[in-house]
Participant: 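Quick one: structure below, then a few questions.
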Amino acid sequence: MEVSSFSYHKFVSLALEVAQRRTELIPLPLQEQYKCIKAADGKTLLRALSFRAPKVRLQRSLTIDGGQAMQVLDFAAFPEPEFNLPIFCANFFTASGMNIVVLDLNPLHDVISKRDYKDKYYKNLLPLGQKYAELLPWGDKITSESLRFFSPIVIWSKFTSTQVKHEILYEAFMDYFEAWLDLMDEAHAEKDESQIIRNCEAQHRYLTWRAEKDPGHQLLKKLVGGTLAKDIVRNFLFNGVDTIGTKTFLDYFPEYQCADGTINKKRSIIGKSFGTRPWDAHGEFIGTNVR
């Protein structure tokens with residue numbers, strides 16, 4: 001399957017069909033501003049959709065259609081703070097000869113030190129994760145900073161453009177999304193106000209990290225300019241970063257503060273990475289930090 005005949009619109013369309021059978025998706029006015037944007041090159045199109053649902057604060061997608069040159073999908077679903085559900089996350093980048101894939105149910109709380117949270121949401125999904133970890137092998141070294149937002153079933157992969165891999169990627173995307181919807185169906189609202197506050201802060205911390213350090217920002221700047229790119233990132237992709245919490249990036253990640261008080265622009269300052277999958281088939285963290 002060449003890039004020219006491949007796009008991620010099918011992924012979004014079918015995911016919406018599945019979600020609409022499982023819950024009530026309500027379109028958000030948020031999407032109207034970003035529904036269809038033509039990039040500076042006059043050819044590339046950015047299309048955005050956003051919804052809410054009874055247990056979902058925001059489900060949104062952004063596709064970038066650059067024809068043969070590039071196809072991009074950024075699809076996510078964020079739970080309401082009353083639920084400590086993971087965050088569904090699919091970030092796919094396809095260009096000529098190369099695909100970069102991140103697919104996960106990003107944990108709201110730490111899965112390395114908090115076994116109860118890991119067991120609650122991931123124990124039954126480990127076979128699913130193992131299946132696709134074999135079909136879509138670990139891509140490359142990944143930073144310790146990024147790893148703290150991933151779960152034991154994360155798919156982080158790189159591969160050349162082939163029809164077989166794209167078909168597997170589609171199956172993985174739909175299976176992971178169905179698994180997330182199953183968790184959503186089973187979820188019960190938290191009654192403890194202090195836990196709701198912790199959930200809200202955990203989601204805000206995630207949004208703050210992504211809004212500042214997401215690697216897709218540079219691509220958006222190239223396509224639509226710095227001002228609109230920042231608006232898309234903060235008001236659409238990571239909507240809530242300016243509303244559901246008041247802490248700043250440096251409040252959450254003080255190690256990134258420079259001597260002049262600004263934020264270090266590097267994506268990693270720890271200097272450690274994981275070149276192989278750091279979880280075993282049982283979801284136990286076995287990663288060894290390597291320089």
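Residue indices begin at 1 and follow the sequence shown. Just the heavy atoms: all of them, side chains too, but no hydrogens, waters or symmetry mates, feed the values below.
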Participant: Can you tell me how far the NZ atom of Lys141 sits from the OG1 atom of Thr276, to the nearest 0.5 Å?
Facilitator: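 One gets 10.5 Å once the value is rounded to the nearest 0.5 Å.
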Participant: Can a donor-acceptor pair be found between the side chains of Gln195 and Asn199 at a distance below 3.5 Å?
Facilitator: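 Gln195 vs Asn199: donor-acceptor pair found between side chains.
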Participant: Does the pair Phe11 and Thr63 meet the rule for a side-chain contact (heavy atoms from CB on, under 4.5 Å), with working shown?
Facilitator: CA-CA 10 Å; Phe11 288 48; Thr63 57; over 6 Å; no
Participant: For Ala133 and Ile155, work out which heavy atoms get closest and say how close.
Facilitator: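 Heavy atoms only, the tightest pair is N-CD1, 3.6 Å.
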Participant: Quick one: does Ile26's side chain get under 4.5 Å of Phe51's, heavy atoms only?
Facilitator: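 No, side chains not in contact.
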Participant: Would a single hydrophobic cluster contain both Phe75 and Leu45, if residues Ile, Leu, Val, Met, Phe, Trp and Tyr are joined by side-chain heavy-atom contacts under 4.5 Å?
Facilitator: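 Per the 4.5 Å side-chain linkage, Leu45 and Phe75 are not co-clustered.
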Participant: Using atom types as modelled and distance alone, determine if a side-chain donor or acceptor of Asp104 lies under 3.5 Å from a backbone N or O of Phe150.
Facilitator: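 Here the side-chain-to-backbone pair does not exist.
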Participant: Rounded to the nearest 0.5 Å, how far apart are CD of Glu80 and CZ of Arg57?
Facilitator: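 With rounding to 0.5 Å, CD (Glu80) is 7.5 Å from CZ (Arg57).
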Participant: Tell me whether Lys123 is salt-bridged to Asp119, with the criterion being a basic N under 4.0 Å from an acidic carboxylate O.
Facilitator: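 No, this pair does not count.
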Participant: How far apart are the closest heavy atoms of Asn239 and Leu207, and which atoms are they?
Facilitator: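 Distance-wise, the nearest heavy atoms are O-CD1, 3.9 Å.
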Participant: Classify the ring geometry of Trp209 against Phe249: parallel below 30°, tilted from 30° to 60°, perpendicular beyond 60°.
Facilitator: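 If you compare the ring of Trp209 with that of Phe249, the planes turn out parallel.
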Participant: Out of the candidates Arg205, His204, Glu212, only one should pair with Tyr252 under the side-chain hydrogen bond (donor to acceptor under 3.5 Å, both in side chains) rule; please name it.
Facilitator: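 So the option named by the test is His204.
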Participant: Without swapping roles, check the side chain of Trp180 against the backbone of Pro86 for a donor-acceptor pair under 3.5 Å.
Facilitator: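 Yes: the side chain of Trp180 pairs with the backbone of Pro86.
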Participant: So, the side chain of Thr262 versus the backbone of Cys258: is there a donor-acceptor pair under 3.5 Å, distance only?
Facilitator: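 Between the backbone of Cys258 and the side chain of Thr262 there is no qualifying donor-acceptor contact (under 3.5 Å).
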Participant: So do the side chains of Val154 and Tyr132 get within less than 4.5 Å of each other, counting heavy atoms only?
Facilitator: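 No - every pair of side-chain heavy atoms lies 4.5 Å or more apart.
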Participant: Salt bridge check: are Glu284 and Lys118 linked by an N-O gap of less than 4.0 Å?
Facilitator: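 So Glu284 pairs with Lys118 through a salt bridge.
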Participant: If we only count heavy atoms from C-beta on, is the Tyr176 to Leu181 side-chain gap below 4.5 Å?
Facilitator: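 No, side chains not in contact.
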Participant: Is any side-chain heavy atom of Leu147 less than 4.5 Å from a side-chain heavy atom of Pro278?
Facilitator: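 Result yes, sub-4.5 Å side-chain heavy-atom pair found.
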Participant: So, taking the atom named CZ in Arg22 and the one named CE in Met184, what distance separates them when rounded to the nearest 0.5 Å?
Facilitator: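 So the gap between those two atoms works out to 6.5 Å.
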Participant: What residue among Leu49, Leu237, Leu46, Asp231 forms side chain to side chain contact (heavy atoms under 4.5 Å, CB included) with Tyr34?
Facilitator: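 Answer after filtering Leu49, Leu237, Leu46, Asp231: Asp231.
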Participant: Please check this pair: side chain of Gln59 against backbone of Ala77, looking for a donor-acceptor N/O pair closer than 3.5 Å.
Facilitator: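 No, because the side chain of Gln59 does not come within donor-acceptor range (under 3.5 Å) of the backbone of Ala77.
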Participant: Go through the steps for Lys213 and Ser146 under the test side-chain contact (heavy atoms from CB on, under 4.5 Å), then give the verdict.
Facilitator: CA-CA 9 Å; Lys213 295 294 182 179; Ser146 296; over 6 Å; no
Participant: If we only count heavy atoms from C-beta on, is the Leu85 to Leu108 side-chain gap below 4.5 Å?
Facilitator: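 Side chain of Leu85 against side chain of Leu108, heavy atoms only: no contact under 4.5 Å found.
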Participant: Tell me the closest heavy-atom pair linking Trp279 and Gly283, and the distance in Å.
Facilitator: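 So the two residues come closest at CD1-O, 3.5 Å.
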Participant: Taking it one step at a time, do Arg210 and Asp214 satisfy salt bridge (charged side-chain N to carboxylate O under 4.0 Å, His left out)?
Facilitator: CA-CA 5 Å; Arg210 293 292 303 275; Asp214 192 272; 2.6 Å; yes
Participant: Please check if any side-chain donor atom of Asp65 sits under 3.5 Å from a side-chain acceptor atom of Gln71, or the reverse.
Facilitator: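 The criterion, which ignores hydrogens and geometry beyond distance, is satisfied for Gln71 and Asp65.
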Participant: Dump the intermediate steps for side-chain hydrogen bond (donor to acceptor under 3.5 Å, both in side chains) on Tyr8 and Thr94, then the final yes or no.
Facilitator: CA-CA 9 Å; Tyr8 287 112; Thr94 295; 2.6 Å; yes
Participant: Do the side chains of Lys131 and Asp175 get nearer than 4.5 Å, heavy atoms only?
Facilitator: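 Of all side-chain heavy-atom pairs linking Lys131 with Asp175, at least one is under 4.5 Å.
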Participant: What's the verdict on side-chain contact (heavy atoms from CB on, under 4.5 Å) for Thr23 and Lys55, showing C-alpha distance, side-chain angles and the deciding distance?
Facilitator: CA-CA 9 Å; Thr23 189; Lys55 298 179 182 179; over 6 Å; no
Participant: Indicate yes or no: at least one non-hydrogen side-chain atom of Tyr121 is less than 4.5 angstrom from one of Asn84.
Facilitator: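 Contact flag for Tyr121/Asn84 side chains = yes.
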Participant: Would you sort out whether His166 and Asn99 count as a side-chain contact (heavy atoms from CB on, under 4.5 Å), showing the intermediate values?
Facilitator: CA-CA 9 Å; His166 281 140; Asn99 294 262; 2.9 Å; yes
Participant: What's the separation between atom SG in Cys89 and atom CG in Asp74, rounded to the nearest 0.5 Å?
Facilitator: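 Result: 7.0 Å between the selected atoms.
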Participant: Tell me whether Arg60 forms a cation-pi arrangement with Phe238, defined as NZ or CZ under 6.0 Å from the six-membered ring centre and within 45 degrees of its axis.
Facilitator: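 So Arg60 does make the cation-pi contact.
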Participant: Okay, side chain of Gln203, backbone of Pro81: is any donor-acceptor separation there less than 3.5 Å?
Facilitator: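 Not confirmed, Gln203 side chain does not pair with Pro81 backbone.
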Participant: Write down the atom of Leu73, the atom of Phe173, and the distance for their closest heavy-atom approach.
Facilitator: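 In terms of heavy atoms, the two residues are closest at CD2-CE1, 4.2 Å.
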Participant: Which heavy atom of Leu125 sits nearest to which heavy atom of Ala179, and what is that distance?
Facilitator: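 Closest approach of Leu125 to Ala179, heavy atoms only: CD2-CB, 3.8 Å.
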